[in-house]
Number of protein chains: 2
Amino acid sequence: MLIAEACEPAFRAPRPATVTPIHAIQADVPAAHRRSRCSTCSMRAVCMPPELTPEQLARLDSVIFSTRSVKRGEVLYRTGDTFQSIYAIRAGSFKTMVMHRDGREHVTGFQIAGEALGLDGVCAGKQNCDAIALEDSVVCIIPFAQLEAICREMKPMQHHIYQMMSSEIVRESSQMMLLGTMSAEQRVATFLLNLSKRFKARGFSAAEFHLRMTREEIGCFLGMKLETVSRMFSKFQREHLVNANGKTIRIVDAHGLAQV
Amino acid sequence: MLIAEACEPAFRAPRPATVTPIHAIQADVPAAHRRSRCSTCSMRAVCMPPELTPEQLARLDSVIFSTRSVKRGEVLYRTGDTFQSIYAIRAGSFKTMVMHRDGREHVTGFQIAGEALGLDGVCAGKQNCDAIALEDSVVCIIPFAQLEAICREMKPMQHHIYQMMSSEIVRESSQMMLLGTMSAEQRVATFLLNLSKRFKARGFSAAEFHLRMTREEIGCFLGMKLETVSRMFSKFQREHLVNANGKTIRIVDAHGLAQV
DNA sequence: CGGTTGTTTGAATCCGTTCAATACCTGTGG
DNA sequence: CCACAGGTATTGAACGGATTCAAACAACCG
C-alpha cells in the first residue's frame, strides 16, 4: 500500500470505490501482525502501480502480510529506531516530526490513508523522525530488504518506489517554498486546500472534513504559533472563505482561498 | 557520480585523494557529451557504493559515458523539461529553484561537486525545478531508464540510489525545520556550518571557503531578505565567530557558531 | 461533573522587512 | 592601465506582521 502523493501525475490510479472504515478491519483480531493482502486491499488502486499481474500481486502478498494497529497518540516508530520496514497507512492518519538537539520540534508532514511512512529511514539505516498516530490507525508493514528484492524482479514496482520517493522530495520542496516565502495567511490557505485535495482523491468530500491535528500541530507544521493559526481561521471565517468551528472545516470559497 | 549527502552514515566512502580542478578536465574538447568514465573518476569514492567489482564498474561506464559543461548562469534543466537523466556534479556548483505561479521564487538547494541533481524529476516524468550553474561547471549525465536497469542487476547500486533519494528527503526535512523554527541568526549559522562540513568532506578547508552564490540567493534559500543575510554576517563578524569579506568566508569559531 | 486539554481573542512587544542611501567589487572597453 | 558601469553588499531608520503574554472560553474524557 504505497502512494505517490505530492506528485499528481504519478497518482494515476482511479480513486478507490470504497474506503473501508477502520473499525471494519479485523476489529476482533489482536493488535499487531495480523494477516493482510495487497491483492484484496480496497486501497490497492491508490498505492500500487496499476499494471501488476495476478502473479506479481501474489508475490507482493508473500512479503507484505502483516499490519499493525496504532492507537491515537501512540508512536509507530521513533527517531533512531533501526530501519527495517516502511509503512503504508491503511486507515487513520499520522504526523511525522523531527527534533533539534535543543529540543525544538517541527512537524514535517501529516499522512493520511494510502500514504507511505518511513522512506527517510533508508538513507542512514535508522529512522529519521518520529511517527505518531493522530487517531486510531492501521498500517501495513513492508520489510524494505524484501521490497528491494521485489523491485529487482518487477520493473513496474521498482519504478513505483522511485516515484514515491521522488514525490516525497517534491512535496518537501513545496513545503520549503511555503515556509520560505509565504505569509501566515497564505500558508494556512495552502494547507487547507492541500488537505482538501487529498481527501477528494480518496473519495471523501473536498469541501468538508475533520482535522485530526491540533492548532499547535498545524502551527508547528506551517512554521507559526498556534495563536496565529487560530487567527487565520477566524479571518477566513469573517471573509466567508471557510467555515471553521473547532476541528470541522468547511471550505466555502475554494477559489477565493487559493487567491489569498 | 552519485552521493548521499545530507545523510552522514551513508556517506561511508573515504574522501577523494585529489579533486580535479575544472579547467583540467578535457578543456579542449567541445562543450557537451564528452567521454567520461566512472571507473577512472577521481570523485568515484564520493558518489558510488564502495563495494563494486571492476566488472560492475565497466557496466556503469557503458551507461554513464557523457558529460556536459554548463557555464556560470546557464541552465542545466528547467521546470517542465522532460525527465530523462539525473546528473552528478563533477566540478562546479549549482542552485535549484522552484517558482510559484505568482512569480515568487525559492531556492531549494545548493549543490556542489559530488552531489546529484534531478532526483525530483522521477516522480512526474518532468523536471520539477530549475538547475542553474553558480560557476562554470561539469556534470555527468546518467540516463535514468538505464540506471534503473543497472539497479535491477546490481544490488549495491540499487541500494545506493535508494539511499541517495532518502538522503535528499532527510536533507529537505532539516531545511524545513530550519525554515520553520529558526531565527535568522540561527539559519545563517547553520547554513555556514553545513557548507563547511560539505567542503571538508571533499578535502577542502572547513574553515575558509568561497561562496559562489549572492546574498540574495542565500536569503532566498534561507527564507529571508538579502539585507538580513548581510546583517547576520556583520553580526558574526562583530562577535568574532566568522570573518566575512565579500564572498570569502573564514569560520573563526565553529563551536560558537553552532551554539548561536 | 470536574479537571484537563485545546481554542479564541486582545494588547504589547520584537524581529525581520522595507525603503533608501552609500560603498564596494568585477569585468569591460577606451 | 584606468575609468566607468552594473551588479552586489553594507548599513541605518521606520514600519509591520507574527509572537508573546495573558485571560476567558469551549470541548473532551475519565
Side-chain angles (χ1 to χ4, degrees), chain A residues 71-74 95 104-107 110 132-136 178-192 210-239 242-250 260, chain B residues 71-73 95 104-107 110 132-136 178-192 210-239 241-250 260:
Chain A
K71 285 247 173 313
R72 174 189 166 153
E74 275 183 8
K95 65 171 173 179
R104 208 179 357 223
E105 287 184 342
H106 185 75
V107 172
F110 296 114
I132 295 160
L134 295 174
E135 60 190 307
D136 294 357
L178 177 145
L179 291 169
T181 74
M182 293 188 189
S183 67
E185 190 182 15
Q186 294 172 320
R187 292 181 204 192
V188 175
T190 305
F191 169 72
L192 290 177
H210 207 78
L211 298 176
R212 318 300 324 208
M213 67 294 279
T214 66
R215 301 288 190 262
E216 169 142 43
E217 288 164 332
I218 295 172
C220 204
F221 177 58
L222 298 179
M224 65 184 78
K225 294 291 139 180
L226 68 97
E227 293 94 329
T228 310
V229 176
S230 182
R231 275 183 245 275
M232 293 308 138
F233 280 160
S234 303
K235 187 159 186 282
F236 291 152
Q237 186 115 322
R238 278 198 302 279
E239 293 165 352
V242 167
N243 220 311
N245 70 348
K247 304 210 155 166
T248 306
I249 300 288
R250 202 161 60 77
V260 155
Chain B
K71 286 247 174 311
R72 176 189 161 150
K95 66 171 173 178
R104 211 181 355 223
E105 286 184 344
H106 185 74
V107 173
F110 296 115
I132 295 161
L134 295 174
E135 60 191 308
D136 295 356
L178 178 144
L179 292 168
T181 74
M182 293 189 190
S183 67
E185 190 183 17
Q186 294 172 319
R187 293 182 204 193
V188 175
T190 305
F191 170 71
L192 290 177
H210 206 79
L211 298 176
R212 319 294 338 199
M213 66 294 280
T214 66
R215 300 288 189 264
E216 169 143 41
E217 288 165 332
I218 296 171
C220 204
F221 177 57
L222 297 178
M224 63 184 77
K225 294 290 137 178
L226 66 98
E227 293 95 329
T228 310
V229 177
S230 184
R231 275 183 245 276
M232 292 307 137
F233 280 160
S234 304
K235 187 158 187 282
F236 291 152
Q237 186 115 321
R238 278 197 303 278
E239 293 166 353
L241 297 172
V242 166
N243 219 310
N245 69 351
K247 303 210 157 167
T248 306
I249 299 289
R250 202 160 60 76
V260 154

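Below, read A as the first sequence line, B as the second, and so on, with proteins coming before strands; counting in each chain starts at 1. Because the structure is predicted, anything quoted here is derived from the model rather than measured.
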* A:H106 side chain to A:C220 backbone, donor-acceptor under 3.5 Å -> yes
* Asked: Just how far, in rounded Å, is P of C:dG16 from CZ of B:R187?
  -> 8 Å
* Give a yes or no on whether the backbone of B:L226 and the side-chain of B:S230 come within a donor-acceptor separation of less than 3.5 Å. => no
* Provide, to the nearest angstrom, the distance between the CG atom belonging to B:L179 and the P atom belonging to C:dG16. => 13 Å
* Which parts of nucleotides 18-27 of chain D does protein reach within less than 4.0 Å, heavy atoms only, written one letter per nucleotide 5' to 3' as B for base, S for sugar-phosphate only and - for none? -> SBBB------
* **pair B:N243-B:Q237: side-chain heavy atoms closer than 4.5 Å** => yes
* To do: Measure from CD on A:Q237 to P on C:dT7 and round the result to the nearest Å.
  => 15 Å
* Under 3.5 Å donor-acceptor, A:R187 side chain and A:L222 backbone -> yes
* Backbone of B:R72 reached by a side-chain donor or acceptor of B:D136 within 3.5 Å -> yes
* Structure fact -> Rounding to the nearest 10°, end axes of the helix from C:dC1-D:dG30 to C:dG30-D:dC1 built from five pairs each make an angle of 40°
Could you go through nucleotides 28-30 of chain D and list every protein N or O atom that sits under 3.5 Å from one of its N or O atoms, giving the distance for each pair?
none

* Can you name the residues that form a side chain to side chain contact (heavy atoms under 4.5 Å, CB included) with A:Q186, not counting sequence neighbours? -> A:M182, A:S183, A:V260, B:R104
* To do: In whole angstrom, give the distance that lies between atom CZ of B:R238 and atom C1' of D:dT10.
  => 11 Å
* Structure fact -> The reported gap from CZ in B:F191 to CE in B:M213 (rounded to nearest 0.5 angstrom) is 4.0 Å
* **Length of the line joining B:E135:CD and C:dG27:P, which is rounded to integer Å** => 13 Å
* To do: Would you please name every residue forming a salt bridge (charged side-chain N to carboxylate O under 4.0 Å, His left out) with B:R215, sequence neighbours left out?
  => none
* Asked: Over how many whole Å does the gap from B:I249 atom CD1 to D:dA9 atom P extend?
  -> 10 Å
* Asked: Once you round it to whole Å, what is the distance between P of C:dA23 and CZ of B:R215?
  -> 19 Å
* Residue list, salt bridge (charged side-chain N to carboxylate O under 4.0 Å, His left out) with A:K95, at least two apart or on another chain -> A:E217
* A:M224 and A:I218: CA distance, side-chain angles, deciding distance, side chain to side chain contact (heavy atoms under 4.5 Å, CB included) verdict -> CA-CA 8 Å; A:M224 65 184 78; A:I218 295 172; over 6 Å; no
* **Any side-chain heavy-atom pair of A:L192 and A:F233 under 4.5 Å** => yes
* Distance below 4.0 Å between B:S234 side-chain N/O and D:dT11 OP1 or OP2 -> yes
* Nearest-angstrom distance from the residue atom NZ of B:K247 to C1' of C:dC24 -> 13 Å
